[in-house]
Amino acid sequence: MERLTEKDKCGLWITGECEEHYDEQPDGTCISFCCGKAIDRLAAYEDTKLTPEEVNALKIIQDISYRVSPAEMVRICRLAQAEKDGRLVVLDEKRKPLIWGDDAHNTILCPNCSHDLMGGFPEGESCETPIYQCPYCGQLIDDEKAVTRQEAEEALRKEEEHG
């Protein structure tokens, strides 16, 4: 980005257009009539060597950092790096919790096709954070949660009501 400010002979920030507006004082100092806080702020911004997009991104990160835990901030940074590296995948549907197949919790079923998934999930070697899917129908699975069939049906009914 082209720099618009520079320091004058008194060490004040000016723009090229301001030089003709100086009023020199008897002690040798000068006063610029058009250079003030706005020019000082522009100079401070130019000193960062950041683009406007990078400044906006930093502002967003700063706003977020006040509202999230340090662990969540690390997760956000990892996601940003994954996106930069071309490794970020956005899923087109929500993950669904597993469904307990019986009251004794001996089976756990896919919420979509009802296949028993008690044997576990194959994990890809390149996955930083594994994404679990039913190997039969491809349904994305929330592996941290399991619900009863009644809870699953109630959640589905609420989801359909709210469209």
Side-chain angles (χ1 to χ4, degrees), residues 1-7 13-16 35-163:
M1 190 170 92
E2 176 188 351
R3 187 164 188 112
L4 301 175
T5 60
E6 59 184 84
K7 286 193 177 187
W13 287 106
I14 61 169
T15 65
C35 298
K37 288 184 179 182
I39 300 299
D40 291 341
R41 289 183 69 186
L42 175 60
Y45 162 69
E46 290 175 331
D47 287 345
T48 68
K49 296 185 169 78
L50 296 172
T51 65
E53 294 80 15
E54 291 168 329
V55 170
N56 286 337
L58 286 174
K59 174 80 171 101
I60 291 167
I61 289 171
Q62 183 182 22
D63 290 346
I64 290 170
S65 69
Y66 290 119
R67 292 179 265 169
V68 299
S69 69
E72 188 66 16
M73 198 62 198
V74 168
R75 184 173 170 270
I76 290 168
C77 290
R78 285 184 178 157
L79 286 171
Q81 186 62 47
E83 181 178 26
K84 183 178 176 183
D85 296 344
R87 298 179 292 117
L88 184 65
V89 176
V90 178
L91 304 174
D92 63 349
E93 65 178 81
K94 288 177 22 179
R95 296 184 304 162
K96 293 182 180 176
L98 293 164
I99 299 173
W100 290 114
D102 57 19
D103 292 337
H105 295 191
N106 291 323
T107 59
I108 197 155
L109 309 175
C110 169
N112 187 49
C113 69
S114 299
H115 270 88
D116 187 357
L117 302 175
M118 198 61 152
F121 299 91
E123 288 188 24
E125 293 177 20
S126 65
C127 288
E128 194 171 294
T129 302
I131 299 172
Y132 299 107
Q133 292 183 255
C134 173
Y136 302 99
C137 71
Q139 172 64 51
L140 298 169
I141 304 291
D142 181 352
D143 67 312
E144 296 178 6
K145 187 175 182 182
V147 297
T148 64
R149 184 168 297 283
Q150 183 180 0
E151 291 169 327
E153 288 171 357
E154 186 176 316
L156 182 61
R157 189 172 40 255
K158 284 182 182 178
E159 191 176 293
E160 288 172 355
E161 287 174 5
H162 292 96

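Not measured: the values here are computed from a predicted model. Hydrogens, waters and symmetry mates are skipped; everything else that's a heavy atom, side chains included, is used.
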For [X] versus [Y], what's the shortest heavy-atom pair and its separation?
| X | Y | value |
| --- | --- | --- |
| D116 | Y136 | O-CE1, 4.4 Å |
| H105 | M118 | O-CE, 3.5 Å |
| L50 | V55 | CB-CG2, 3.8 Å |

Are the side chains of [X] and [Y] in touch, meaning some heavy atoms are under 4.5 Å apart?
| X | Y | answer |
| --- | --- | --- |
| D142 | L98 | no |
| V74 | R78 | yes |
| W100 | I108 | yes |
| P111 | Q139 | yes |

Set of side-chain contact (heavy atoms from CB on, under 4.5 Å) partners for S114, sequence neighbours left out: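 Residues passing side-chain contact (heavy atoms from CB on, under 4.5 Å) with S114: R149.
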Which of these passes side-chain contact (heavy atoms from CB on, under 4.5 Å) with C134: L109, N112, L140, L117?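 Output: one option passes, namely L117.
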Do the side chains of E154 and K158 get close enough for a salt bridge, i.e. N-O under 4.0 angstrom?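 The answer is yes: the pair qualifies as a salt bridge.
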[X] [atom1] to [Y] [atom2] distance, which is reported to the nearest 0.5 Å:
| X | Y | atom1 | atom2 | answer |
| --- | --- | --- | --- | --- |
| T148 | E153 | OG1 | CD | 8.5 Å |
| E83 | L79 | CD | CG | 9.0 Å |
| E151 | K145 | CD | NZ | 8.0 Å |

D103, CG: over 12 other non-hydrogen atoms inside 6.0 angstrom: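 12 or below, so no.
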